[in-house]
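One structure below.
Every heavy atom of this structure was used, including side-chain atoms; hydrogens, water molecules and symmetry mates were not.
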Amino acid sequence: MNEENKSVAIFDDDEDILSICQYVLHDQGWSVNTFASCDDVVNKLKACRPQVIFMDNWIPPNGGIIATREIKNDIDLRDIPVIYFSANSEISKLANTAGAEHFLAKPFDLDHLTEAIQAVLKSK
């Protein structure tokens, strides 16, 4: 992995989660782009070019499943791993339906945040 270009995008409408994730990941050397909605998701991602994407299930306006499918249908973005995260008990099923490579159940231990990133980057 290119250490100089460690970049992640996080889509979640919960400002607390965005702040916590940004703080933890920035402290570990990641460039963090946060978004409180998934409208225009493809253009947002093309502008920041992350290595990993975190996608919330209940993100306005269309939800994480539709947003993840838009990402996976774009030739320039489809290879970026998506980590689906949600408090929904069906998280595994939702992540699979969306086409995400990995999932992280909320609430999560902060160590699990970085473990999820390492897992998807190793499997790339």
Side-chain angles (χ1 to χ4, degrees):
M1 174 174 43
N2 181 355
E3 289 293 317
E4 294 172 20
N5 189 27
K6 288 172 48 172
S7 176
V8 63
I10 305 171
F11 290 85
D12 199 309
D13 60 337
D14 184 327
E15 292 292 335
D16 291 336
I17 289 183
L18 290 177
S19 296
I20 291 165
C21 291
Q22 182 165 18
Y23 177 80
V24 169
L25 294 173
H26 186 74
D27 198 47
Q28 294 177 6
W30 287 87
S31 168
V32 182
N33 301 277
T34 59
F35 304 96
S37 76
C38 65
D39 59 321
D40 203 23
V41 66
V42 167
N43 286 326
K44 285 177 177 175
L45 291 169
K46 285 184 178 183
C48 65
R49 292 282 180 200
Q51 288 177 288
V52 178
I53 301 162
F54 281 88
M55 182 63 69
D56 181 33
N57 186 53
W58 297 113
I59 182 134
N62 302 324
I65 290 175
I66 290 172
T68 302
R69 286 179 175 167
E70 286 179 30
I71 295 164
K72 295 304 175 183
N73 284 330
D74 188 281
I75 194 160
D76 296 326
L77 303 175
R78 68 171 51 136
D79 293 331
I80 302 171
V82 174
I83 300 169
Y84 208 77
F85 65 158
S86 173
N88 190 303
S89 62
E90 298 283 313
I91 179 73
S92 174
K93 188 175 173 183
L94 292 169
N96 191 45
T97 299
E101 283 77 7
H102 200 70
F103 65 88
L104 183 61
K106 293 180 188 174
F108 51 85
D109 184 299
L110 293 176
D111 291 337
H112 295 160
L113 189 68
T114 52
E115 288 168 10
I117 292 173
Q118 291 166 353
V120 295
L121 291 178
K122 279 182 190 163
S123 66
K124 259 179 83 168

Do [X] and [Y] sit in one hydrophobic cluster, given that two such residues count as connected whenever their side-chain heavy atoms are within less than 4.5 Å of each other, even indirectly?
X	Y	answer
Leu45	Val8	no
Val32	Phe85	yes
Leu94	Ile53	yes
Phe108	Ile20	yes

For [X], which residues count as a side-chain contact (heavy atoms from CB on, under 4.5 Å) partner, sequence neighbours excluded?
X	answer
Asp111	Asp109, Glu115
Ser19	none
Asp14	Asp12, Asp16, Ile17
Gln28	Val24, Leu25, Trp30, Thr114

For Ser37, which residues count as a side chain to side chain donor-acceptor pair (under 3.5 Å) partner, sequence neighbours excluded? Asp39, Lys44
Closest non-hydrogen atom pair, Ala9 against Cys48: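 Residues Ala9 and Cys48, closest heavy atoms: CB-SG, 4.4 Å.
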Under 3.5 Å, side-chain donor or acceptor atoms of residues 54-68 against the rest of the protein: list the pairs with distances, not counting sequence neighbours.
unit_1, atom_1, unit_2, atom_2, d
Asp56, OD1, Lys106, NZ, 3.0
Asn57, OD1, Tyr84, OH, 2.5
Thr68, OG1, Gly64, O, 2.8

Member of Ile83, Ile117, Ile91 meeting the side-chain contact (heavy atoms from CB on, under 4.5 Å) criterion with Leu104: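 It is Ile83; the other options fail the test.
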Gap between atom CD of Gln22 and atom OG of Ser31 - 0.5 Å precision: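 These two atoms lie 9.0 Å from each other.
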About how many Å separate OG of Ser92 and NE2 of His102, when rounded to the nearest 0.5 Å?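 Reported value, rounded in 0.5 Å steps: 10.5 Å.
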Flag the pair Thr34 / Cys21 as yes when at least one side-chain heavy-atom distance between them is below 4.5 Å, and no otherwise. no
In the structure I gave you, are the side-chain heavy atoms of Val41 and Ile71 within less than 4.5 Å of one another anywhere?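 Heavy-atom side-chain distance check passes, below 4.5 Å.
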Take the angle between the ring planes of Phe11 and Phe35 and call it parallel below 30°, perpendicular above 60°, tilted in between. parallel
I need the full list of salt bridge (Lys or Arg N to Asp or Glu O under 4.0 Å) pairs touching [range], with sequence neighbours left out, sorted by first then second residue.
range	result
residues 60-71	none
residues 22-31	none
residues 80-102	Lys72-Glu101

By salt bridge (charged side-chain N to carboxylate O under 4.0 Å, His left out) - contacts of Asp74 (at least two apart):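 Lys46.
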From CA spacing to verdict: side chain to side chain contact (heavy atoms under 4.5 Å, CB included), Asp76, Arg49: CA-CA 10 Å; Asp76 296 326; Arg49 292 282 180 200; 4.0 Å; yes
